[in-house]
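Inspection log for the structure reproduced underneath, given as structure tokens.
Chain identifiers are assigned alphabetically (A, B, ...) following the order of the sequence lines, protein sequences preceding nucleic acid strands; residue numbering begins at 1 within each chain.
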2 protein chains.
Amino acid sequence: MADANMTTPEHGVTANRLLVDAAALFRGRGYEGTTTREISDALGIKKASLYHHVSSKEDLLYDICLAALNDVEVGAKAAVSEATGPSAKLRAMVHGHTISMLANVDFSHTMLTDMRSLSGERLEHVLQLRDTYERWTEQLIRNAQKAGEIRKDIKSRQLTLLLFNLLNWTMFWYRADGGLDPDQVADLITTLFLDGAIPR
Amino acid sequence: MADANMTTPEHGVTANRLLVDAAALFRGRGYEGTTTREISDALGIKKASLYHHVSSKEDLLYDICLAALNDVEVGAKAAVSEATGPSAKLRAMVHGHTISMLANVDFSHTMLTDMRSLSGERLEHVLQLRDTYERWTEQLIRNAQKAGEIRKDIKSRQLTLLLFNLLNWTMFWYRADGGLDPDQVADLITTLFLDGAIPR
DNA sequence: GTCTATAAATCGATAGAC
DNA sequence: GTCTATCGATTTATAGAC
């Protein structure tokens, strides 16, 4: 869902719809594979009218990446702040992250796969935000390791990479109309990450 | 590595280099974001000379997807055929898949993220090959479940999706010059998938 | 805030000489 | 098998009327 906190205050409603429609197109055909013509068609305006709301196509990608990162981070941190104990906080992170990511799957998908099309400073900024979030996650894992609730024979960095493998690729097969709702997806990821596939 | 079995016999050496160089560019800038001019520059020939070897840019993408799928399937099936027992075969699948995928990471990355740019029949063909491979993997999991070596409280379909989450996203962070070699990556994925992050 | 019209550049692909 | 030259279409973006 594209709710109010996904855009900065100075943006109007059309600019909001612009991001949502662009993200849906970018997810389906890629940023480079989507033309400004297709975006304006989706909004029901002419191509030139887009430039009243944004100053370039890349602006759309940049705003989508920032919104996607912000939503997931806000969702994860809210969930973690309500949990008590190292492994409970880790479970909460997976749950909050997954719910936010799947609620804005067009944004998350675009951010993760088309980020590379951003130029210079903008790419660096998005990468820095992503890295900061990954380090925050790694700290959750390290805390759980110190408490003896997560195995210590695999480095926290590598456990973090494996956790994001589980989280990120979900966007490629998740369908809102499919057999699983976001809560069930979050539970699956949590269960496999923590318990593994061999019976305990 | 781009070895001999990655191309069909009728292709010459230039056509082979063409695939390798194109896959590297596609991984870095995306299929839609890469121009035929960039591809010809990488080969040291003029843009028009490309069309002596391939009849369209999309041909390159199609051939890369087929080669990527074939390499991973061949690697995984060879490993599985040498293993004995349901869970040993599952471990072998992860190992063979990971080694082949990381040895041709430009090809795998391009196949998994830019497949969507294929048109009509070609997209269907690639999707069908991928689905067949996924079903073969799910059968390995089902066999291990029947033998009691894999938990039965999660459906084989969902365990398969989670396993491919672990396998596929690895392409986004694996670096040949990084701290982990393909064998270590395969062991990490196997260990987490089977045993989980909580100490046993 | 949307429109028509168009600029300026680049795209994939082709023709034909060598 | 590679080249020069070029076609026709399409691209992002701008100018200026309404």
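The side chain to side chain contact (heavy atoms under 4.5 Å, CB included) test applied to B/Ala147 returns B/Pro86, B/Glu149, not counting sequence neighbours.
Taking a cutoff of 4.0 Å between a charged side-chain nitrogen and a carboxylate oxygen, B/Arg29 and B/Glu38 qualify as a salt bridge.
A/Tyr51 places its OH atom 19 Å from the P atom of C/dA5, with the value rounded to the nearest Å. Following rounding to the nearest Å, B/Glu58 (CD) and C/dC11 (P) show an atom-to-atom distance of 18 Å. Between the NZ atom of A/Lys47 and the C1' atom of C/dA8 there is a distance of 12 Å, rounded to whole Å. What separates NE2 of B/His52 from C1' of C/dG12 is a distance of 19 Å, to the nearest Å.
Between A/His97 and A/Tyr133, the ring center distance clears the sub-6.0 Å criterion.
In 5' to 3' order, the nucleotides of DNA chain D bounding all contacts with chain B (an atom under 4.0 Å from a heavy atom) are D/dG1 to D/dA5.
Both B/Leu69 and B/Phe26 sit in one connected hydrophobic cluster of ILVMFWY residues. Membership requires side-chain heavy atoms under 4.5 Å apart, directly or through other members.
The closest side-chain donor-acceptor pair between B/Thr110 and B/Asp114, if any, does not fall under 3.5 angstrom.
Judged by the 6.0 Å and 45° rule, A/Lys57 forms no cation-pi pair with A/Tyr62.
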*salt bridge (Lys or Arg N to Asp or Glu O under 4.0 Å) evaluation trace for B/Arg151 with B/Asp153*: CA-CA 6 Å; B/Arg151 60 195 298 162; B/Asp153 61 333; 2.8 Å; yes

*Check step by step if salt bridge (Lys or Arg N to Asp or Glu O under 4.0 Å) holds for A/Arg37 and A/Asp41.*
CA-CA 6 Å; A/Arg37 173 74 200 271; A/Asp41 281 353; 3.4 Å; yes

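A heavy atom lying under 4.0 Å from DNA chain D marks the following residues of residues 28-38 of chain A, by number: A/Thr34, A/Thr35, A/Thr36.
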